Engineer: 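Just dropping this structure here.
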Amino acid sequence: MSIESPHVPYASSSFLRLEQLTKRFGGAAAVEDLTLSIDGGEILALLGPSGSGKTTTLRLLAGFEGPDSGRVILEGQDITRVTPVQRRFGMVFQHYALFPHLDVAGNVAFGLRSRDLRGKALAERVGEALRLVDLDGFEERRVSQLSGGQQQRVALARALAPEPRVLLLDEPLSNLDPSLRERTRRELRAMIHRIGITTVLVTHEQEEAFDLGDRVALLADGRLEQVGIPDELYGTPRTPFVAGFVGRSSTLDAIVRRRDDHGIAIEVEGIPWTLASFPREAWNSAVTDRAILVVRPEGVRFVESGPGVLAGEITERRFTGALTLYTMETEGRQTVEVSAHPEAAAVGDRVSVALTGIGAHVFPRAGA
Amino acid sequence: MRQRRRQMLGWALVALLVWLIVYPLTLVLLESVRGADGWTTEFFRQFASRKNEWSALWGSLWISAASVFLAGTIGIPLAFLFARFDFPGRRILSGLVALPAVLPPLVGVIAFLFLYGESGFVSHLVRAVFRLDRPPWRLEGAGAILLVHAYSMYVYFYLFTRAGLARVDGSLLEAAASLGAGRWRTTREVVLPLLRPALTGAALLTFMTSLASFSAPYIFGGGFRVMTTQIVSTRLNGDYSLAMVETAALAALALIGFWVFGRGDRGDVLVATAKGAAPIARRFSSRWTRALTGTAAWVLAVVLLLPHLTLVLVSFVPVGTWTIEAIPPEYSVQNYVALVREPERLRPLLNSLGMATVATLAAVALALAAGILIVRQRVRARGVIETLLALPWAVPGTVFAIAIATAFSVSHPWAGRFLLVGTFWILPLAYLVRSLPITGRGIVAGFRQLDPSLEEAAATLGAGAWRTLVRVTLPLLRPALAAAATLAFVTALGDFVTSIVLYTYDTRPISLEILASLRQSDVGVAAAYGVFLMLASAVVFAVGGERREVGA
Ligand SMILES: Nc1ncnc2c1ncn2[C@@H]1O[C@H](COP(=O)(O)OP(=O)(O)OP(=O)(O)O)[C@@H](O)[C@H]1O
Ligand SMILES: [Mg+2]
């Protein structure tokens with residue numbers, strides 16, 4: 001079984017491929033039946049909540065862990081049992097793992113010396129790598145004398161210097177303070193694109209994954225929920241988890257009245273709504289008419305009260321600058337988040353909402 | 001006003017410590033350049049012209065260097081084995097490996113004598129197996145000394161390396177691997193450099209301990225002299241001034257060693273960012289390697305435990321029943337009964353217990369005062385106090401014994417010199433000075449870890465200074481106090497180096513009685529004393545280990 005996005009054209013001949021990887025610690029699976037393909041030169045972001053198996057996946061890729069089953073394939077070759085030393089994937093660790101007893105040049109040279117580079121050639125390559133990250137002239141600095149951002153760049157230079165075939169990044173920006181993070185993120189993206197190296201990066205921040213990743217793979221509990229370009233994950237989520245994790249959304253109980261080629265008709269608290277598009281695969285095997293409606297703040301709008309609208313009371317108003325978010329409590333005690341202009345309503349107001357036609361997704365209710 | 005008094009107290013403590021530590025050492029230096037009529041370099045010339053002085057000095061130096069080498073060669077690989085590999089029995093064994101530490105120096109030496117000496121178990125065994133009519137070897141000279149040193153001091157390297165390895169961030173090793181460095185290169189270029197502070201620390205400790213070592217050269221030296229035994233024998237010959245020069249020479253050697261190794265210790269602090277987890281122990285992949293390592297480790301454990309077992313066994317051998325047999329024919333608890341029943345045997349026990357108690361109480365009191373003045377009052381003299389407390393550590397015990405014997409052999413109260421030699425007080429005083437680094441370091445560190453706001457909270461609740469000390473500070477300090485005090489206590493209890501210079505018949509401590517019993521071939525009694533000291537040390541290590549677990 002593979003959950004390939006139709007977006008990937010040559011899945012079977014992809015550059016790097018994980019096939020049905022499973023890794024258990026004790027009894028619990030940290031990664032389960034994970035299949036993923038990465039094209040040459042592509043940046044794939046592994047996104048997921050804490051404990052979802054992102055780091056474990058990366059370590060399986062680097063070879064620090066061996067899978068209980070499944071394979072890792074690089075350019076058609078099975079490298080599952082190849083040691084990290086022979087694999088030589090470039091890796092940037094979450095806390096950088098710079099060698100504290102070596103200076104910047106010593107750190108960058110470490111991997112080059114494994115390739116038997118010495119003397120002048122070595123110094124030149126170290127210089128090149130440092131220029132790449134804008135740190136030329138820092139050769140003799142001690143690692144402990146560098147700022148967080150500089151350390152991160154040294155770690156990157158060290159990983160890239162031996163020209164690895166794959167670059168692995170574990171939460172590369174999480175150790176930087178927020179003001180530095182965004183700038184570093186842009187630089188990082190520009191640099192990886194310039195080099196054109198196949199990259200897998202781990203993050204638990206959606207914004208980071210969307211910004212850096214050509215494609216994003218969303219993990220939950222060690223399983224792949226969905227992989228695709230950011231627009232797909234946001235626009236056509238396949239599971240309620242994806243819809244809930246990516247972007248803001250509210251979840252409402254619903255009942256399915258009719259489902260055919262033209263769309264799906266549901267009722268929320270007795271109010272009938274029709275949606276033209278819905279995740280068909282998810283519904284093909286569904287045996288229930290109980291559903292959940294996941295709706296984004298822009299998926300609902302305030303309307304005049306009347307038939308066919310959901311009524312409720314505003315319990316919270318949050319001004320965030322670009323838009324204002326209102327929380328409405330329905331008569332059925334469910335909450336809906338609505339985005340609207342700042343003067344649309346006030347706390348305590350009785351309001352009604354209707355669907356806008358975008359940003360609403362209906363999924364079969366699991367376990368019902 | 002309060003501020004003035006506080007600073008005064010600080011300087012008063014400095015004065016006390018100078019009187020206890022620096023003054024006697026200075027007197028030794030002075031005595032070495034003072035003849036019957038005025039200043040003289042005569043004794044130094046005497047020293048320099050004698051070949052045996054130079055050879056003793058050289059002996060001390062190379063024995064210490066060789067001890068560092070041997071202890072490192074055993075201790076470092078062992079630490080790597082236990083930290084990085086998993087094999088059957090690893091947990092139990094990693095504890096047993098530290099066991100040589102529970103044998104006080106003299107006790108370890110006599111255990112080796114019973115085990116590997118000419119009429120020891122092992123030589124008996126070898127004779128029986130190969131049908132020799134003479135002992136296969138003599139446990140004598142430099143080789144014997146190095147054997148004992150290697151056995152007792154590899155523990156420093158083992159423990160320091162284990163602690164160092166535990167601090168190495170596992171992701172550094174993974175980074176090295178992902179950069180294409182194999183296990184060997186990673187060890188050489190990443191792990192060992194990170195371990196450097198730990199290793200120089202262990203080397204320094206081993207070097208200083210070997211330089212100060214007295215029991216092994218005294219019992220096994222034979223014709224081979226090192227500085228410590230040379231000093232004691234010169235003094236025994238009544239050549240006091242020459243002994244002073246020798247003492248000064250040994251002190252100088254110690255300071256040089258301290259400086260050389262201390263340089264490696266300082267420099268850049270390589271705090272390996274312990275953010276990642278320490279690497280987990282790897283299981284040997286091949287079953288054969290696992291079995292082999294497991295077996296080798298158990299054999300090793302038995303070898304390490306043989307001295308302890310021998311000591312216990314011999315302590316049950318009644319006087320005069322073991323002559324030429326390979327294994328003693330008779331066993332009884334008679335020796336232990338004798339320790340308690342015979343006043344002459346009980347005496348040294350009570351002496352040692354009493355003197356060690358007095359010394360420990362005084363050392364703890366001084367260390368507490370130092371802790372309060374350094375950490376809480378932050379008096380101006382705090383740096384000086386700390387240096388003074390640590391100083392005896394860098395000075396071999398023999399040097400201190402001679403220094404104290406010199407300072408307190410005359411009654412010049414106006415010069416701070418009192419006649420204490422030949423009284424009960426001289427040994428507790430020596431023990432006290434020698435235990436100041438242990439208690440000082442432990443208790444001052446304990447103070448540093450205390451959250452000052454707890455004491456401030458007590459003050460805001462209306463507790464006076466005294467009540468805060470007794471009800472808040474001391475209870476919080478209890479773990480540090482207990483560890484420091486027990487360690488100081490057992491060190492004093494088993495002391496041999498200073499005791500042999502300063503004891504009198506009435507105040508003879510356990511170590512001297514062990515020696516006397518050995519001379520009368522009363523090996524069972526000697527062993528029984530040894531077992532007593534060994535158990536006392538074991539209790540201390542158990543207390544220390546528990547404290548570490550609670551603290552973690
Ligand atoms: N070495 C290990 N031993 C035991 N369990 C582990 C080990 N490594 C990971 N796990 C478990 O596997 C699961 C996935 O862990 P992983 O570190 O891959 O998550 P993550 O997605 O990187 O989370 P985070 O965002 O918090 O870093 C967790 O439940 C974790 O407890
Ligand atoms: Mg992680």
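The sequence lines fix the lettering, A, B, ..., with proteins before strands; numbering per chain opens at 1. Just so it is clear, the model here is predicted, and its values are computed rather than measured.
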Engineer: Can you check whether B/L195's main-chain N or O pairs, donor with acceptor, with A/H101's side chain at less than 3.5 Å?
Structural biologist: no
Engineer: Count the heavy atoms of every other residue, nucleotide or ligand shown that sit under 6.0 Å from CZ of A/F25, and state whether that count exceeds 12.
Structural biologist: yes
Engineer: Mind checking whether A/P100 and B/L172 have side chains closer than 4.5 Å, heavy atoms only?
Structural biologist: yes
Engineer: Does anything in residues 49-84 of chain A reach chain B? List residues with heavy atoms under 4.5 Å apart, or say none.
Structural biologist: A/R59, A/F64, A/P84
Engineer: If you count heavy-atom pairs within less than 4.5 Å of chain B, which of A/R115, A/Q94, A/R158 leads?
Structural biologist: A/R158
Engineer: Heavy-atom count check: over 12 atoms from other residues, nucleotides or ligands less than 6.0 Å from B/R441 CZ?
Structural biologist: no
Engineer: Determine which pairs satisfy side chain to side chain donor-acceptor pair (under 3.5 Å) with at least one residue from residues 130-140 of chain A, sequence neighbours left out, and list them in order.
Structural biologist: none
Engineer: Does any heavy atom of chain B fall under 4.5 Å from the side chain of A/F93, the backbone, both, or neither of them?
Structural biologist: side chain
Engineer: With sequence neighbours left out, write down each residue that passes salt bridge (charged side-chain N to carboxylate O under 4.0 Å, His left out) with A/R181, or none if nothing qualifies.
Structural biologist: A/E205
Engineer: Quick one about A/S114 and B/R185 (side-chain donor to acceptor, distance below 3.5 Å, no hydrogens or angles considered), yes or no?
Structural biologist: yes
Engineer: Can you confirm whether A/D221 is buried at CG, in the sense that more than 12 heavy atoms of other residues, nucleotides or ligands lie under 6.0 Å from that atom?
Structural biologist: no
Engineer: Should the heavy atoms of other residues, nucleotides or ligands under 6.0 Å from CG of B/L255 be counted, would the total exceed 12?
Structural biologist: yes
Engineer: Could I get the full list of side chain to side chain contact (heavy atoms under 4.5 Å, CB included) partners for B/R382, not counting sequence neighbours?
Structural biologist: B/I374, B/R378, B/V379
Engineer: Less than 4.5 Å to any heavy atom of chain B: does that hold for the side chain of A/R87, its backbone, both, or neither?
Structural biologist: neither
Engineer: Once rounded to the nearest 0.5 Å, what's the spacing between atom CZ of A/F110 and atom CD of B/E189?
Structural biologist: 5.0 Å
Engineer: Has B/R380 got more than 12 heavy atoms of other residues, nucleotides or ligands less than 6.0 Å from its CZ?
Structural biologist: no
Engineer: What's the spacing between A/H95 NE2 and B/D169 CG if we round to 0.5 Å?
Structural biologist: 8.0 Å
